[in-house]
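Only heavy atoms go into these numbers, but all of them, side chains included; no hydrogens, no water, no symmetry mates. Here, residue 1 is the first one in the sequence, and each next residue gets the next number.
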Amino acid sequence: MKLNIKSSSKILLIAMVVFGTGCKKFLEEKDPSNLEPETYYTIPEHAEASIAAGYAQTRFIGNGAGIFAANFSMLELVTGTAKTETGQNSDLNNLAGLSFTGENLLIRNWWAGLYNVIAQTNLTIQKVPAIAVMDETRRKQVLGEARFLRAWAYFYLVRLYGDVPVILIPQDIKSPDFYPTRTGTEAVYGQIVEDLTIAEAAGLPWQTASGTASKGAVKALLSKVYLTMAGFPLNKGQAYYKLAADKSLEVIKDGGFGLFDTYAELHSLVTENRKEHMFEIQYLASVATNPMQQLLLPNFKDVSAYSDEVGSTVPTANFYNSYEPGDLRTKDRVGFFYTSYYKEGYKELVQLNAPYIFKHFDVIANGTLGVKGTAQSSINWPQIRYAEVLLTYAEAQNRADGSPNQDALDAVNAIRKRALLTPIAALGQTQFEEAVLRERWHELCYEGITWFDMVRLRKVYNESTNGFDNFVGHAFAATPNVILKEKHLLFPLPSVDYKNNPNLRPQNPGY
């Protein structure tokens, strides 16, 4: 039996990550359901529930982070392409001003959320092999999905915090490494590659509309890992660009994925987990509603069914204006942005006099002309899109071979064709790379990708020059007094974990 992971939160297994942040009394309390790992994993349905719980844990990205904020905003406000319209949340403002410390709630929530995913997948990986009567093909797939999710979590962790503890077995207060030490960055990447390589061979389908990991998603994530390893901080260079190119090309040639014909399909319930959406965080309003809709809306301009329109994460005008003239991605309520919407979500059109993010806009929840919104969103949150695979291949192949081949040109031009832009002709290596990177900034914006591109490249897109600056010393166009420093290549370890676990020391440089 395969569980719908959108409704899995009703049967979550308790999986605690303990790094000295909880109290002993709490840890000793008995689970009132009496479903404990030692006695629970006995039938195939328990394996399905266990992996469904792992998927459900990924929803921490949309969880709240104080007043008018959710965790997803952390990766956008530090890029210079986004700002906040609310002044009430100091953690948001400190991120936008690059003045954050380990006390920042969003920084803490990312750490804890990712380790919760790891805790649950560690349970699955340890316990599912011992289930006596289970279809072996499905057992292998469940374990492959768990490896994929664990790799997904560690990939975020190592890019955010650098050296991080690698925990591969379930933990409790009696565990010998209850206060774990940090693992070197290269070793963390080694574990990520190992998990994804095992997942790749786990017999997963190339595609699936269920919301679970597919073979295509595994390969896409592995190509992204190789691309990152080629750049900062490991700087493995040409050999890893080649690995990234080869792995992404497998997806392009053999996976059966493709770009949607329209940008509206990127945020439609009908097209979730299909074609371009290779892996998404799952939401279903009746079980776990997407909590990010009202946070992305204009600050209290009454253009939605939601009463709490926050504007916690909105585009900067500088970034919006950096798109090429005629780029369909900037067309109002068609591409990635909107500058007008309907009063109360369904009445007369209202001009907003600023751009807002349409890429994640739920028309059913917010409303549209003549149709009231439900104020309940089931829209998924993207993690891996086929568009990113195309751009990964184009960048990696060019770097690996010294110049772009026809497949690389075709890949980036597929992105441009949908945007109604002129195709790129043959270019030298440097010019082609900059063209691809500009497409990454403009195509993959507000999906939690841009910050990691800035770090691995040690470059930042300059909206004014249309070129790229060095990471260190770059000033954000919208806030020129906010300047990136060397220390910003990593986030600080969360203060509460750092204080409670002496084995995490030293703190990341500059914090």
### Message
To the closest 0.5 Å, what do you measure between CG (Asp453) and CZ (Arg440)?
### Response
4.0 Å
### Message
Please evaluate residues Tyr283 and Trp381 with respect to the criterion ring pair (Phe, Tyr, Trp, His ring centres under 6.0 Å), reporting the C-alpha separation (whole Å), side-chain torsions for both, the decisive distance (0.1 Å), and the verdict.
### Response
CA-CA 8 Å; Tyr283 287 102; Trp381 192 258; 8.0 Å; no
### Task
Please report the closest heavy-atom contact between Thr124 and Ala146, naming both atoms and the distance.
CG2-CB, 3.9 Å
### Query
Any chance the side chains of Ser248 and Ser223 put a donor and an acceptor closer than 3.5 Å?
no
### Query
Are Leu92 and Leu77 close enough that some pair of their side-chain heavy atoms sits under 4.5 Å apart?
yes
### Message
Can you see whether Phe232 has Arg456 sitting over its ring - NZ or CZ less than 6.0 Å from the centre and within 45° of the normal?
### Response
no
### Query
Is the side chain of Glu145 donor-acceptor paired with the backbone N or O of Ala213 at a distance under 3.5 Å, no angle test?
no
### Message
Using ring centroids (six-membered ring only for Trp), state whether Phe319 and His442 fall under 6.0 Å.
### Response
yes
### Query
Shortest non-hydrogen contact from Gln507 to Leu493?
OE1-N, 2.8 Å
### Task
Taking atom types as modelled, find out whether Glu395 and Tyr241 have a side-chain donor-acceptor pair closer than 3.5 angstrom.
no
### Message
Is a donor from one side chain sitting under 3.5 angstrom from an acceptor on the other, for Arg150 and Asn122?
### Response
yes
### Query
CG of Leu391 to CD1 of Ile415: how many Å apart, nearest 0.5 Å?
4.5 Å
### Message
For Ala411 versus Leu390, what's the shortest heavy-atom pair and its separation?
### Response
CB-O, 3.5 Å
### Message
Under a 3.5 Å distance rule, please check whether Tyr263 uses its side chain to pair with a backbone N or O of Ala419 as donor and acceptor.
### Response
yes
### Query
Pro492 versus Ile107: any side-chain heavy-atom pair under 4.5 Å?
yes
### Task
Apply side chain to side chain donor-acceptor pair (under 3.5 Å) to Asn63 and list each qualifying residue two or more places apart in sequence or on a separate chain.
none
### Query
Does a side-chain heavy-atom distance below 4.5 Å link Pro205 with Lys215?
no
#### Entry: Non-hydrogen atoms of Ala475 and Ile483 that approach each other most closely
CB-CG1, 4.0 Å
### Task
Calculate, to the nearest 0.5 Å, the distance between atoms CZ and CG belonging to Arg59 and Asn71 respectively.
14.5 Å
### Query
Roughly how far apart are Trp110 CH2 and Leu105 CG, rounded to 0.5 Å?
13.5 Å
### Task
Could you tell me whether Asp163 and Arg182 have a side-chain N and a carboxylate O separated by less than 4.0 Å?
no
### Message
Is it the case that the side chain of Gln141 and the backbone of Gly203 share a donor-acceptor pair, with hydrogens and angles ignored and the cut-off at 3.5 Å?
### Response
yes
### Task
Applying side-chain contact (heavy atoms from CB on, under 4.5 Å) between Thr228 and each of Phe452, Phe155, Tyr240, report the one that passes.
Phe155
### Query
Just by distance, do the side chain of Asn413 and the backbone of Ile424 share a donor-acceptor pair under 3.5 Å?
yes
#### Entry: Electrostatic pair Arg458-Glu486, nearest N-O below 4.0 angstrom
yes
### Task
Consider only side-chain N and O atoms of Gln406 and Asp410, and report whether a donor and an acceptor are under 3.5 Å apart.
yes
### Query
Under 6.0 Å between ring centres, would you say that holds for Tyr156 and Trp152?
yes
#### Entry: Short side-chain to backbone donor-acceptor contact, Asn501 and Pro180, under 3.5 Å
yes
### Task
Considering only NZ, NE, NH1 and NH2 on the basic side and carboxylate oxygens on the acidic side, decide whether Arg385 and Glu388 come within less than 4.0 Å.
no
### Message
I want to check something: taking the side chain as every heavy atom from C-beta on, are Glu433 and Val436 in contact at a cut-off of under 4.5 Å?
### Response
no
#### Entry: SB check Asp261 Arg418 (cutoff 4.0 Å)
no
### Task
Using a strict cut-off of less than 4.0 Å between a Lys/Arg side-chain nitrogen and an Asp/Glu carboxylate oxygen, indicate whether Glu439 and Arg329 qualify as a salt bridge.
yes
### Task
Show your reasoning for whether salt bridge (charged side-chain N to carboxylate O under 4.0 Å, His left out) applies to Glu443 and Arg416.
CA-CA 9 Å; Glu443 176 67 27; Arg416 292 180 63 80; over 6 Å; no
#### Entry: Test item: side-chain donor near acceptor, Glu265 and Thr262, under 3.5 Å
yes
### Beyond-backbone contact of Phe60 with Asn116, side-chain heavy atoms, under 4.5 angstrom
no
### Message
In this structure, is the centre-to-centre distance between the rings of Tyr323 and Phe337 below 6.0 Å?
### Response
yes
### Message
Assess whether a salt bridge exists between Lys236 and Glu186, defined as any Lys/Arg side-chain N lying under 4.0 Å from an Asp/Glu carboxylate O.
### Response
yes
### Query
Any ion pair linking Arg147 and Glu200 (charged N to carboxylate O, less than 4.0 Å)?
no
### Message
Tell me whether Ser495 contacts the main-chain N or O of Gly102 through its side chain, where contact means a donor paired with an acceptor under 3.5 Å.
### Response
yes
### Task
Answer yes or no: is there an ion pair linking Lys359 with Glu447, defined by an N-O contact shorter than 4.0 Å?
yes
### Side-chain heavy-atom pair Asp195, Ile192 within 4.5 angstrom cut-off
no
### Query
Is a salt bridge present between Glu48 and Arg138, judged by a nitrogen-to-oxygen distance below 4.0 Å?
yes
### Query
With a 3.5 Å cut-off and no angle check, do the side chains of Tyr320 and Thr330 form a donor-acceptor pair?
no
### Between Ser73 and Thr313: side-chain donor-acceptor atoms closer than 3.5 Å
yes
### Task
Please report the shortest heavy-atom distance between Leu196 and Val225, naming the atom on each side.
CD1-CG2, 4.0 Å
### Task
Taking atom NZ of Lys242 as the centre, report whether more than 12 heavy atoms of other residues, nucleotides or ligands fall under 6.0 Å from it.
no
### Message
We want to know whether Asp401 and Gln429 form a side-chain donor-acceptor pair, criterion being a heavy-atom distance below 3.5 angstrom.
### Response
no
### Query
Rounded to the nearest 0.5 Å, how far does CE of Met229 lie from CG of Leu234?
5.5 Å
### Query
Under the side-chain contact (heavy atoms from CB on, under 4.5 Å) test, which residues partner His488, sequence neighbours left out?
Leu98, Phe100, Trp451, Phe471, Leu484, Lys485, Tyr511
### Task
Please step through ring pair (Phe, Tyr, Trp, His ring centres under 6.0 Å) for the pair Trp111 and Tyr115, ending with a clear verdict.
CA-CA 6 Å; Trp111 174 278; Tyr115 273 114; 5.1 Å; yes
### Task
Please tell me if the side chains of Phe279 and Val218 come closer than 4.5 Å, counting only heavy atoms from C-beta onward.
no
### Query
For residues Gln207 and Ser214, is any side-chain donor paired with an opposing acceptor at under 3.5 Å?
no
### Query
Using the ring of each side chain (for Trp, its six-membered ring), is Trp441 parallel, tilted or perpendicular to Tyr461, with breaks at 30° and 60°?
tilted
### Query
Excluding sequence neighbours, so at least two apart, what forms side chain to side chain donor-acceptor pair (under 3.5 Å) with Arg139?
Glu136
### Query
Can a donor-acceptor pair be found between the side chains of Thr81 and Glu76 at a distance below 3.5 Å?
no
### Query
Rounded to the nearest 0.5 Å, what separation is found between the OG1 atom of Thr208 and the CZ atom of Arg274?
9.0 Å
### Summary
Closest heavy-atom pair, Asn89 versus Gly66, reported as atoms and distance to 0.1 Å, is ND2-C, 3.7 Å
### Task
State, with a plain yes or no, whether a side-chain heavy atom of Glu280 is found less than 4.5 Å away from one of Gln383.
no
